[in-house]
Engineer: 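Below you'll find the structure I mean.
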Amino acid sequence: MSSSQYETTYEPYESYGPTEPYDPPAYGGWDAPPSDPDTVDTLPYGVYETPVPPYEDTYRPAYEVPVAELPTIPGVRAGAGRRAARRRRARYAERPDGAAMRRLLPQALVVAFLAGGTTAFVAKDKAIELTVDGKPRTLHTFADDVGELLAEEGVAVGAHDVVAPAPGEQLASGDEVAVRYGRPVRLTLDGHRREVWTTARTVDAALEQLGVRAEGAYVSTSRSRRIGREGLALDVRTERSVTIMADGRARTIRTNAATVADAVEEAGITLSGMDTTSVAPGSFPREGQTVTVLRITGSREVREERIPFREERSEDPSLFKGTEVVDQVGVPGVRRVTYSLRTVNGVRQKPRRTRVEVVREPRTQIVRVGTKPMPTSVRGADHLNWQGLAVCESGGRPNAVDPSGTYGGLYQFDTRTWQALGGSGRPQDAPAAEQTLRAKKLYVRRGASPWPHCGGRLHG
């Protein structure tokens, strides 16, 4: 039985043992006293206590031994011998009735210290319920705030993740901390594509979190489908009100159709032949949109049209000013044009050209333009009344032509005579001054005979 489990009061030294106080080995410490033979418990049968070997009485109280000479006992902290010596000096200095109190005081202080440390230890420990992506667990932690707790548990969060309370919030025992991971959703909503982030774990919850009106909507996947951390692609078409005008009647329907053509079909309207709609059949039907069905009948018409010819003009210094000679007469071309004729809802539309085919290419007209200065006089003919002759022959009109088409100009030249006098083309196309010049030359050659009815005016 260990001597550290009970206390023994010392009797006067002269009543037993040697005359010097006996300092026993450290059974329960340096200052443990010997047991009283009369009060020590009887050992169980078969258990023998090791006899104490003979010893030399060299005992000296510990407070009389220099500190440096005190032995070191394994397992006992440095300085324990000094503290034990001080305790023995104090014990022997006090009265016998205060010895027990002096021995109990250090033990009470140790118990109080341990109790205080345990209280502080317990106060730092917190029971926290941590829910990560919907999976709860209860744990104990010494973390001071949410961020420290997440770091301690190895929970990494990103910009699109949600932590409640916030990472900087202080923790107390009984708190609940939730971490919801963000998931990318490639959402096509009513034809508009965008990428959004959600912390919802199912499609239905994501639609609610994103504020998408799901009642009557088309969803490309099951609403109960779970969304993994990698996200998913989601096509949603909400229900819309669309009015279809066809055959003089309006039909308003609620639809989540992907195209106008699908909405028209849902309204029970059939498109046939060239029929179409007022908006592109493949476009997305919008809320409140009105779509008109166009009943179209049509035919084709082929027409032949002239292609105008070009004219090339060049200057000729051998010709008098105002004189033009056509070296190559222009010829128009011919093209064959196909037109589409349509009637929309009974109203005939403007023909639409659908095809052009050239049948004959046009031929360019080539013209020479005179630049030579025109002479104004002819000897022997300048003094005559040429104005009177012109009035008599053509009424004074340079472009006049007789009813037969044979004679033309101021002086009614025939083409053969005109060209023999140096003129080009037709006389009625030449300037008035050139016509008068050619007439004077003709008079010098033949007199007034070319004008048998009006020649007498030259001298009048």
Side-chain angles (χ1 to χ4, degrees), residues 303-337 356-460:
R303 304 174 188 171
E304 285 193 354
E305 300 177 351
R306 294 181 60 182
I307 305 175
F309 59 81
R310 295 184 305 106
E311 185 179 68
E312 292 182 359
R313 301 172 65 88
S314 61
E315 295 181 347
D316 188 346
S318 66
L319 299 175
F320 290 111
K321 285 184 178 180
T323 302
E324 296 183 356
V325 177
V326 178
D327 292 335
Q328 177 177 293
V329 178
V331 179
V334 178
R335 61 190 171 197
R336 187 176 292 117
V337 183
V356 177
E357 179 184 0
V358 176
V359 178
R360 183 181 69 240
E361 294 287 351
R363 186 173 68 179
T364 303
Q365 179 167 287
I366 301 175
V367 180
R368 288 184 293 121
V369 180
T371 59
K372 183 179 179 180
M374 180 68 67
T376 59
S377 64
V378 174
R379 182 182 295 181
D382 292 336
H383 62 285
L384 300 178
N385 186 9
W386 295 103
Q387 184 177 3
L389 178 61
V391 171
C392 180
E393 287 287 336
S394 63
R397 294 179 292 115
N399 59 349
V401 180
D402 78 323
S404 66
T406 304
Y407 303 98
L410 288 170
Y411 306 102
Q412 294 294 286
F413 290 102
D414 62 70
T415 303
R416 182 177 180 182
T417 301
W418 171 260
Q419 292 179 352
L421 293 170
S424 62
R426 300 183 307 169
Q428 61 267 26
D429 295 331
E434 183 181 355
Q435 293 183 35
T436 301
L437 177 64
R438 306 293 179 198
K440 288 179 180 181
K441 288 184 177 181
L442 182 60
Y443 176 80
V444 170
R445 291 181 184 180
R446 297 170 56 184
S449 61
W451 304 283
H453 299 290
C454 297
R457 298 288 185 96
L458 290 174
H459 302 283

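Computation of the quantities below employed the complete heavy-atom set of this structure, encompassing side-chain atoms and omitting hydrogens, waters and symmetry-equivalent molecules.
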Engineer: Mind checking what makes side-chain hydrogen bond (donor to acceptor under 3.5 Å, both in side chains) contact with Thr436, not counting sequence neighbours?
Structural biologist: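 With sequence neighbours excluded, Thr436 shows a side-chain hydrogen bond (donor to acceptor under 3.5 Å, both in side chains) to Tyr411, given in chain and number order.
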Engineer: What pairs of residues pass the ring-ring contact (aromatic ring centres under 6.0 Å, His included) test when at least one of them lies in residues 412-433, not counting sequence neighbours?
Structural biologist: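 Qualifying pairs, neighbours excluded: Phe413-Trp418.
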Engineer: Using side-chain hydrogen bond (donor to acceptor under 3.5 Å, both in side chains) as the criterion, list what pairs up with Glu361, not counting sequence neighbours.
Structural biologist: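 Partners of Glu361 by the side-chain hydrogen bond (donor to acceptor under 3.5 Å, both in side chains) criterion come out as none, since no residue qualifies.
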Engineer: Test of understanding: with side chain to side chain contact (heavy atoms under 4.5 Å, CB included), list the residues that count as partners of Glu312, not counting sequence neighbours.
Structural biologist: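 Per chain and number, Glu312 pairs via side chain to side chain contact (heavy atoms under 4.5 Å, CB included) with Arg310, Thr364, Ile366.
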Engineer: Are Asp316 and Val325 packed together at the side-chain level, in the sense that at least one heavy-atom pair is separated by less than 4.5 angstrom?
Structural biologist: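 No, side chains not in contact.
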Engineer: Report the residues that fulfil side chain to side chain contact (heavy atoms under 4.5 Å, CB included) with Pro431, sequence neighbours left out, ordered by chain and then residue number.
Structural biologist: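 Listed in chain order: Glu434.
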Engineer: Under the side chain to side chain contact (heavy atoms under 4.5 Å, CB included) rule, collect the residues that match up with Ala432, sequence neighbours excluded.
Structural biologist: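 Here the qualifying residues are Pro398, Leu410.
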Engineer: Strictly by salt bridge (Lys or Arg N to Asp or Glu O under 4.0 Å), give each pair with a member in residues 318-335 just once, sequence neighbours left out.
Structural biologist: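 Found Glu305-Arg335, Arg313-Glu324, Asp327-Arg368.
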Engineer: Scan residues 393-406 for pairs that pass salt bridge (Lys or Arg N to Asp or Glu O under 4.0 Å), counting only residues two or more places apart or in two chains.
Structural biologist: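 Matches after skipping sequence neighbours: none remain.
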Engineer: Could you name each residue pair satisfying salt bridge (Lys or Arg N to Asp or Glu O under 4.0 Å) that touches residues 409-427, not counting sequence neighbours?
Structural biologist: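 Applying salt bridge (Lys or Arg N to Asp or Glu O under 4.0 Å) to every pair that reaches into residues 409-427, excluding sequence neighbours, yields Arg426-Asp429.
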Engineer: Could you list the donor-acceptor pairs under 3.5 angstrom formed between side-chain atoms of residues 381-390 and any protein atom two or more places apart in sequence or on another chain?
Structural biologist:
unit_1 : atom_1 : unit_2 : atom_2 : d
Asp382 : OD1    : Val378 : N      : 2.7
Asp382 : OD1    : Lys440 : NZ     : 3.1
Asp382 : OD2    : Val378 : N      : 3.3
Asn385 : OD1    : Gly388 : N      : 3.0
Trp386 : NE1    : Ala381 : O      : 2.7

Engineer: What pairs meet the salt bridge (Lys or Arg N to Asp or Glu O under 4.0 Å) rule with one or both residues in residues 446-460, with sequence neighbours excluded?
Structural biologist: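 Checked against salt bridge (Lys or Arg N to Asp or Glu O under 4.0 Å) - neighbours excluded - no pair reaches residues 446-460.
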Engineer: Considering only heavy atoms from C-beta outward, does the side chain of Lys441 approach that of Arg438 to under 4.5 Å?
Structural biologist: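 Yes, their side chains come closer than 4.5 Å.
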Engineer: Mind checking side chain to side chain contact (heavy atoms under 4.5 Å, CB included) for Arg303 and listing every partner two or more places apart, or none if nothing turns up?
Structural biologist: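 Arg303: side chain to side chain contact (heavy atoms under 4.5 Å, CB included) contacts with Glu301, Tyr339, Pro351.
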